[in-house]
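Below is one structure; the comments refer to it alone.
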There are 2 protein chains.
Amino acid sequence: MRLTEKRIAAALRQHGYKLTPQRRVVIGAITASRGQLTPAELYRKVHQEHPNIGLTTIYRTLEILGSLELVCELHAGGSGRSYTIGTPEHHHHIICSGCGEVVDFSGYDISPLEERLTRETGFEIEGHLLEFTGRCQRCRQNA
Amino acid sequence: MRLTEKRIAAALRQHGYKLTPQRRVVIGAITASRGQLTPAELYRKVHQEHPNIGLTTIYRTLEILGSLELVCELHAGGSGRSYTIGTPEHHHHIICSGCGEVVDFSGYDISPLEERLTRETGFEIEGHLLEFTGRCQRCRQNA
DNA sequence: TCTCTAAATGAAAACGATTATCATTTATAT
DNA sequence: ATATAAATGATAATCGTTTTCATTTAGAGA
């Protein structure tokens, strides 16, 4: 249940952000992609059709979308930052090391482990990071 | 069961790397720390006692130690890179958002989830990333 | 519809982190 | 003790990201 352009646009407005043409384009490019995107990749995509949109706007838009959890930041991939489209529910990601495609999954309850850790370590758990990397079907067949 | 200076030194030699005084110092600083360290932090620590050791050497040493899995790279923290000392067994980390202390844990079997994902998504799982953030006991008491 | 204002934009510069270069030094095998 | 490939440190180069600032504009209100 990935977020749609409309929902993202509505969420932006709801939080007092203006819905500029540039932001529409960026949001469109993110929702159209099946995979993870670095800021530079997103810029390249956007720049083809809209050469007047600057890299700075890409960064600023990603920052806002991230803060509203409309996009998710990925960590397991390479060295740089990369993003994928968000969903309304809590979920995690599997990222293809071949093509970068991102598949969401949910329904995995991590709280038993959190309780164990609270008990054993005395930490008050605040958050977690759970991602998988692997090879998607298509990339496996092409090999 | 964190790795000791001796074990790390031995592993380096075993893989054909030279055991230079600079590397000894870097390894010493990493094993002495209870928390996560960015390259810059590690440099600062090392630089106090050994002003002639350059930042480049820090980066190069971390790269080697990382490739041999003698240190672990952390992701859940801030934006930059950070490392912590490794262990012989597979494990995961809890990182204190207050002081940066890192606690290892193991004995959590993630393979049932991996099997579910293989079944449901067709991915061949290659690896995973599992980290927790939270507040350690000491930081909670100081608040 | 017109006007106004705070927010958003884009170009450029600044910045910080990381990597490459290269002449010099050194750990280790012999 | 020697030879040699590896490692080092200073510097420059590079990359990704953020800041700055003058200009433009979305959206609220008249």
Side-chain angles (χ1 to χ4, degrees), chain A residues 5-6 8-29 36-68 70-71 73-75 77-83 100, chain B residues 5-6 8-29 36-68 70-71 73-75 77-83 100:
Chain A
E5 263 182 88
K6 290 211 167 177
I8 295 177
L12 270 190
R13 305 283 309 265
Q14 230 162 24
H15 287 85
Y17 293 103
K18 292 182 181 172
L19 197 49
T20 65
Q22 292 93 334
R23 285 179 181 167
R24 283 178 194 279
V25 170
V26 172
I27 292 167
Q36 60 182 338
L37 289 170
T38 64
E41 284 166 352
L42 189 51
Y43 175 68
R44 245 174 282 138
K45 266 178 183 280
V46 159
H47 200 73
Q48 287 172 7
E49 304 254 337
H50 305 269
N52 47 327
I53 296 182
L55 181 58
T56 314
T57 296
I58 304 287
Y59 274 98
R60 287 193 280 229
T61 304
L62 283 173
E63 193 190 341
I64 293 169
L65 295 178
S67 73
L68 301 180
L70 301 169
V71 298
E73 194 168 338
L74 301 173
H75 301 81
S79 47
R81 228 181 287 192
S82 74
Y83 296 87
Chain B
E5 263 182 88
K6 288 210 167 175
I8 295 177
L12 271 190
R13 304 283 310 264
Q14 229 162 22
H15 287 85
Y17 293 102
K18 292 183 180 172
L19 197 49
T20 65
Q22 293 92 333
R23 286 179 180 166
R24 284 178 192 278
V25 170
V26 172
I27 292 167
Q36 59 182 337
L37 289 170
T38 64
E41 284 166 351
L42 190 51
Y43 175 68
R44 245 174 282 138
K45 266 178 183 281
V46 160
H47 200 74
Q48 287 171 8
E49 304 255 339
H50 304 269
N52 47 328
I53 296 183
L55 182 56
T56 314
T57 296
I58 304 287
Y59 274 98
R60 287 192 279 229
T61 305
L62 284 173
E63 192 191 340
I64 293 169
L65 296 178
S67 73
L68 301 179
L70 302 170
V71 297
E73 194 168 339
L74 300 172
H75 300 82
S79 46
R81 229 180 288 191
S82 75
Y83 297 86

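Treat the numbers as computed from the prediction; the structure is a model and nothing was measured. Chain naming here is simple, since letters A, B, ... match the order of the sequence lines and numbering starts at 1 in each.
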Handout entry: Separation of atom CD in B:E73 from atom C1' in C:dT18, rounded to whole Å
Key = 12 Å
Fill in the blank from the handout: A:Y43 OH to C:dT9 P, in whole Å, measures 14 Å
Problem - Bend angle of the helix from C:dT1-D:dA30 to C:dT30-D:dA1, end axes from five pairs each (to 10°) - result: 40°
Handout entry: Contact under 4.0 Å: B:Q22 side-chain N or O vs C:dA27 OP1/OP2
Key = no
Would you be so kind as to tabulate the donor-acceptor pairs closer than 3.5 Å made by side chains of residues 36-49 of chain A, with sequence neighbours excluded?
residue	atom	partner	partner atom	Å
A:Q36	OE1	A:S82	OG	2.9
A:T38	OG1	A:E41	N	3.0
A:E41	OE1	A:T38	N	2.9
A:Y43	OH	A:H47	ND1	3.3

Problem - Sorted by number, the residues of residues 48-61 of chain A with heavy-atom contact under 4.0 Å to DNA chain C - result: A:N52, A:I53, A:G54, A:T56, A:T57, A:R60
Which atom pairs, one a donor and one an acceptor, fall under 3.5 Å between side chains of residues 12-24 of chain A and the rest of the protein, sequence neighbours left out?
residue	atom	partner	partner atom	Å
A:H15	ND1	A:A11	O	2.9
A:T20	OG1	A:R23	N	3.1
A:R23	NH1	A:K18	O	2.8

Fill in the blank from the handout: dist B:I27:CD1 -> B:L62:CG (nearest 0.5 Å) comes out at 10.0 Å
Problem - Side chain proximity check, B:I8 to B:L68, heavy atoms < 4.5 angstrom - result: no
Problem - Nucleotides bounding contact with chain A, strand DNA chain D, heavy-atom threshold 4.0 Å - result: D:dG16 to D:dG27
Handout entry: Close residues, residues 8-19 of chain B, relative to DNA chain D [heavy-atom separation under 4.0 Å]
Key = B:Y17, B:K18
Practice task
Please list all pairs passing the side-chain hydrogen bond (donor to acceptor under 3.5 Å, both in side chains) test where one or both residues lie in residues 52-66 of chain B, with sequence neighbours left out.
Solution key: none
Exercise for the section: Take A:I64 and B:R24, find for each the nucleotide of DNA chain C with the closest heavy atom, and name the residue whose nucleotide sits nearer the 5' end. Expected result: A:I64
Fill in the blank from the handout: Hits for side chain to side chain donor-acceptor pair (under 3.5 Å) against B:H75, two or more places apart or cross-chain, chain-then-number order -> B:E131
